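A, B, ... follow the sequence lines: proteins, then strands. Residue 1 opens every chain. All figures in this text were calculated on a predicted structure; none of them were measured in a lab.
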Amino acid sequence: MTPMDRGVYWRISAVDNLVFFGALYGLSLREARARAIELLRDLGLGERANDWVATYSTGMMRRLEIARALMHDPDVLLLDEPTSGIDVDAKHDVLNFIRSLRGKKTIVLASHDPQEIELADTVIYINKRILNEAPALKIVKVLIRGDVGNLDGFNAESIGQGEYVVVTSIDRFNELISRLAMLNGRVRVVDIDVEVATAEGNARRMERVMRRREGWA
Amino acid sequence: MLDRVYAFVVIRGWKIWISYKTQVFLTAINWVIPVFIYFFIGLTLGFGKFSLIRDYTAFMVIGTAFQGYFSASVVTLAGRIRNEELIGTLEYLMASPLKPMALMMYNTIWGLVINSMSAIMVLAIGAGLGVQYHVNAASTLLFLLLYLLSIIGLNLIAGAVVLIVKQGNPVALFTSVASNLLGGVVFPVSILPTWLRYISYSLSLTWALSGLRAAMLNNYGTPQLLGYLWPLAVLTLAYLVIGISSVELRIQ
């Protein structure tokens, strides 16, 4: 379990933190130390494993919290916004690590971040109650303005006034952004919208109907 | 179990404590200053020559050395729980497979360890000030064991109170004041007014100090100390029963 913004002990090292929490779960000190070092290495914290946690950035802290949750090798992992408040690189590392657990752990992840939702096999959209549950289908809509030129492999659909919408799957998002960057400032990205199309789209429609029916605030 | 003791005492207790170097320094000073204060008061007032206590320094050193367990151990556990709440690790500790009672016990051990360091330092200073120890190891250990068990009971009561009231630590405050005033730490309880003496008799500290003084300074064996031993045993049992019940009640 990694509750958002939950604490670790700041004035001891990451390894000591993990050994302590491992011991709570019945691991021997030797097992706990070996597991701690392995997890910290997998999460990119290997070189800082013996540093005080007080010297860690928020992103490193998030990774440490995930390592702590994995110390006793649970079957189910509960994550609450695991990349909240961290920089892009750290976010990338955390998401990749969570992705690497696919097929090994059942992960329940609470989030409103599209990149986190993108990891899911199934998305449950909740607003006071479960509104929809469906396999995740991730689509990115990028609104751009300017001289699009040749976006090889992507379809830029004009919506007038020099603006275009490029719709692509999220796994090609980085490729699209790189391609746009190569246009040397000839285009400007106005908006990026990530949709978990099936679940969220249906859920929003359902929510509107319910609001009308039940007089939601 | 030893691995968990190591985790609580060395990793979370010692390593965090030692990381605050100024605090360590000031805490050590706080341990020794009262010894010197009472020592000089004793010299000034001529205790030992004109009073009921033949060797006031020895009386005061034993009192000061072991009083710390009574007040500071309670503060340590209660403060620990409060601290875990603040930094956000309490939920994680409670969510672990460790039973809450075991969690409290492991937390208590660190309090006992740090107070043992304090006791050893005070006893050593006492030796430096001329106190002659004639220790009966068996009765000393027996009194110490019962005393520490009573402290665990008090710790559990304090922990339950902190879990209930969330803020402050009324039990710690009470034990700190009560132990100094009523425990026979630096003056004998026989000089207290009768009604206060009865309160004093309800503290395990009072009986433990009497027994430890006799065992450590006069080499008294257990048979000679039964008069102190049985009240201490009864109080220890009472503290433990109340402590365990309070924690379980709180957890439920």
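Proximity to chain B at a heavy-atom threshold of 4.5 Å picks out A:Tyr9, A:Arg11, A:Ile12, A:Asp16 from residues 9-17 of chain A, in numerical order.
A:Ser28 approaches B:Asp3 most closely through the heavy-atom pair CA-OD2, 3.2 Å. Nearest heavy-atom pair, B:Leu98 versus A:Leu24, reported as atom, atom and distance to 0.1 Å: CD2-CD2, 3.6 Å.
Within 6.0 Å of CZ on A:Arg30 lie no more than 12 heavy atoms contributed by other residues, nucleotides or ligands.
Looking at B:Tyr20, the atoms closer than 4.5 Å to chain A (heavy atoms on both sides) sit in the backbone and in the side chain alike.
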Verdict with supporting geometry, B:Thr89 and A:Phe20, side-chain contact (heavy atoms from CB on, under 4.5 Å)
CA-CA 12 Å; B:Thr89 45; A:Phe20 174 77; over 6 Å; no

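Note: B:Ser19 leads B:Ala7, B:Ser96, B:Ser19, B:Ala102 in heavy-atom pairs under 4.5 Å with chain A. Of the listed residues A:Tyr25, A:Phe21, A:Trp52, the one with more heavy-atom pairs under 4.5 angstrom with chain B than any other is A:Tyr25.
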Which donor-acceptor pairs under 3.5 Å do the side chains of residues 118-128 of chain B make with protein atoms, sequence neighbours left out?
none

